[in-house]
Amino acid sequence: MRLMIKVLHIAIALTLLLIGYSSIVVSAATPYPSQEITSWQMRWGDGTENSGVEVPQNNDQQYWINVNATKEIPHLPSGVSTSWTRISIPNFSYISPSIYIDTLYALHVKVYVNDRLIFEEDRNYIKDNYSLLLPLSQSDSGKTLYIWTETLQDRIGIKNEVVIGEHNLLINDYIKNGLSDVILGCAFFLVAIVLFISSLYINRDYFSSVASLAVVIGSTGILSITYSPFIYTFYSDLGAISNVFLDLALFSLLPALTLLFEKIFGSGKYAIVRRFRQFQVIYSSFCLLCLLINFLSNNSYIEFYYFVSTTIIGFILILQFILLIVCVIIFSLKGNRDAIIFAIGFGTAAFTVVSELLWYYIHKGNYDLFLWKWGIVAFIISLIVILERRLAYSHQQVVNYSKELERFNNELQRSEKMEIISELAASVAHEVRNPLQVTRGFLQLLSEKSVGEEEIFMSMALSELDRASGIITDFLTFAKPEFETISSLNLYNEFKHIESIMQPLCHLNGGKMILDVSGELWVKGNSSKFKQAFINIIKNSIESFRDEGFIYMSVYAEEENVIIHIKDNGEGMDADVLHRLGEPYFTKKNKGTGLGLMVTFRIIEAMQGKVKFTSKKGVGTESITILPLAEAPDDSHSLGG
Ligand code: ADP
Ligand code: MG
């Protein structure tokens with residue numbers, strides 16, 4: 001990007017320098033100002049004028065058409081491929097006179113002053129704009145210039161004005177013609193090479209995006225160079241090869257552009273982008289084959305080749321642009337930022353290209369495309385921006401992943417620690433409970449024999465021992481290693497137990513808890529897992545408390561099910577948080593694990609139940625759990641509460 005800007009700066013500076021230089025030359029020597037010639041005459045060849053050998057000296061006015069430089073060139077009648085142009089040279093007194101023709105459409109050209117041949121060129125490739133600077137002699141003043149032209153295409157003759165003047169003045173215009181295109185093209189090509197080399201060192205996933213961007217930029221550069229009149233004017237012997245490169249650039253640009261689009265936005269609905277790209281690759285290969293055959297057979301099939309490689313490609317180009325624009329509009333409407341950037345760049349380019357192409361066809365080829373390059377510059381800048389955004393995005397993703405990995409690692413270590421601790425604690429608790437039971441037995445024996453004050457102390461000691469044993473039993477519920485025992489759970493007992501465990505935490509956080517459990521309700525499941533599921537929900541409620549927290553739990557039967565409501569007046573959640581509940585590692589808390597609800601969901605699911613959350617930010621949250629009702633076991637009287 002930076003390099004490209006630099007190269008562009010250099011290009012602009014060079015162009016400005018050239019313009020400055022030419023104005024210095026102008027001011028240095030201006031004895032006689034240049035004269036513009038704006039009208040001349042044309043006549044169509046009838047096929048009998050013997051390849052422009054004989055200058056039509058007769059003054060038969062009826063065949064000659066008057067042409068004005070400010071108007072359009074007369075259209076070539078069908079069946080005609082040659083023409084004569086006749087220009088009256090005004091009287092002049094230049095020291096070294098020259099005539100400058102900015103644009104002349106033809107493939108084969110001969111120029112005469114009266115009947116003296118002063119220039120001839122016959123192109124063996126299809127590139128029909130000539131830019132001519134022809135030296136005259138002082139004695140040519142007032143004579144007539146005859147230009148014989150022949151073409152295979154549908155335009156012929158002089159476009160724009162003709163200037164006669166001092167040679168060293170005119171040469172500046174002549175050199176400038178197309179030079180800026182060459183500089184721009186070289187800049188593009190350089191950027192493409194840098195990009196391509198860097199794409200070799202890049203991750204495989206990005207290789208095709210960066211490489212196709214390099215091809216798009218590189219072939220645009222080659223197009224800019226080979227389309228400009230510069231090479232055909234100054235290196236006309238390179239014209240044929242330059243023309244081949246122009247076609248090659250076009251054949252590679254079109255599929256590469258679609259590929260790049262596909263890499264950025266995917267292959268679209270019905271894979272239409274991918275299919276179009278495949279079609280383009282096939283068509284470009286076909287064109288390449290035609291180019292090769294035509295080249296090897298010395299231009300025998302030039303008309304067919306021209307039709308395949310220029311006329312049809314023009315239509316494919318328009319089709320491609322319409323397809324990409326429609327896709328981009330759809331993606332932009334979906335709010336894809338890359339698509340919006342692409343749309344701006346591409347829209348600018350497509351607008352200039354399509355309108356110029358339409359203009360070209362409206363004028364039956366009688367128009368030179370030039371605006372498109374600047375549209376393409378805008379487009380390429382947008383492509384580079386998108387690519388950089390993508391790279392930055394994936395870098396950010398890598399950073400995020402590594403952060404997540406670290407967190408996950410910490411979590412794993414913590415849970416391993418917890419497991420070891422809980423196993424140790426379970427064995428210790430187990431070991432403590434046995435001597436406790438023995439001690440209780442002896443105390444009981446002693447208390448039966450004791451009287452008075454002693455008896456009171458004994459019973460106090462017994463009840464304290466019972467409490468200690470209760471605490472150990474509670475603790476074991478969670479700490480003991482899992483046994484997958486499924487039994488009938490009495491919901492009254494389970495929720496009383498849960499309440500007793502959670503009540504202290506609730507109080508600590510300044511909240512209140514109300515439990516409403518009705519009747520003899522039973523479900524099938526594993527007791528400690530069941531508790532775990534609801535403790536996770538209640539713990540979240542406690543953690544969501546603002547000032548005066550309140551948790552309401554109600555359990556009742558409805559048809560074949562048990563319904564469990566747990567409702568809090570905590571901070572509540574937004575819809576997007578609500579949607580993500582139960583997702584592993586999803587947490588909004590600094591020290592949260594994001595595992596609580598995932599475990600809850602799994603446990604309830606395993607019990608053939610369902611949990612649903614409703615919440616309103618700033619109001620509170622309610623969870624509704626539905627579990628299938630189970631029959632009371634036969635020995636329920638000994639378990640029930
Ligand atoms: P953790 O509690 O470790 O964050 P959880 O899976 O238990 O993980 O909860 C996930 C997230 O859901 C919490 O971080 C919280 O933002 C939200 N959440 C769950 N329950 C409630 C609730 N009762 N009130 C408000 N937010 C809640
Ligand atoms: Mg939690």
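Values below: every heavy atom of this structure, side chains too, minus hydrogens, waters and symmetry copies. All ligand and atom numbering here is 1-based and tracks the order in the structure. Small disclaimer: the values here were computed from a predicted structure and weren't measured.
For atom 23 (N) of ligand 1, the closest non-hydrogen atom on the protein side is Asp568 OD2, 3.0 Å. Among protein heavy atoms, the minimum distance from atom 4 (O) of ligand 1 is reached at Thr587 OG1, 2.4 Å. In this structure, the protein non-hydrogen atom closest to atom 22 (C) of ligand 1 is Thr621 OG1, 3.7 Å. Of all protein heavy atoms, the one lying nearest to atom 7 (O) of ligand 1 is Asn540 ND2, 2.8 Å.
Under 4.0 Å from ligand 1, not a single heavy atom of Ile537 appears. The part of Leu581 lying near ligand 1 is the side chain, judged by heavy-atom distances below 4.0 Å.
In this structure, a donor-acceptor pair under 3.5 Å is present between the side chains of Lys524 and Ser488. Side-chain atoms of Asp516 and Ser554 include no donor-acceptor pair closer than 3.5 Å. At a cut-off of 3.5 Å, with distance as the only test, no side-chain donor of Arg433 or Gln437 sits close to an acceptor on the other residue. Donor-acceptor pairing under 3.5 Å is recorded for the side chains of Ser527 and Glu494. Side chains of Gln280 and Thr258: a donor on one and an acceptor on the other come within 3.5 Å.
Here's the thing with Leu597: one of its N/O atoms is less than 3.5 angstrom from an N/O atom of ligand 1. Note: an N/O pair closer than 3.5 Å links Lys588 and ligand 1 by distance alone.
Heavy-atom proximity to atom 15 (C) of ligand 1, evaluated over Lys589, Lys539, Glu583, is greatest for Lys589. Taking all heavy atoms of Glu543, Arg580, Met573 into account, the minimum distance to atom 27 (C) of ligand 1 is reached by Met573. Of the candidates Phe586, Phe613, Phe545, Phe601, the one placing a heavy atom closest to atom 10 (C) of ligand 1 is Phe586.
The closest side-chain heavy-atom distance from Lys512 to Cys506 is not below 4.5 Å. When side chains are defined from C-beta on, Phe342 counts as touching Phe379, because their heavy atoms get closer than 4.5 Å. Using a 4.5 Å heavy-atom threshold, the side chains of Tyr552 and Asn569 count as separate. The closest side-chain heavy-atom distance from Asn400 to Gln396 is below 4.5 Å.
Note on Asn540: counted as a metal contact of the Mg ion (ligand 2), an N/O/S atom lying under 2.8 Å.
Interface of Ser544 with ligand 1, defined as ligand atoms under 4.0 Å from a residue heavy atom, comprises 24 (N), 25 (C).
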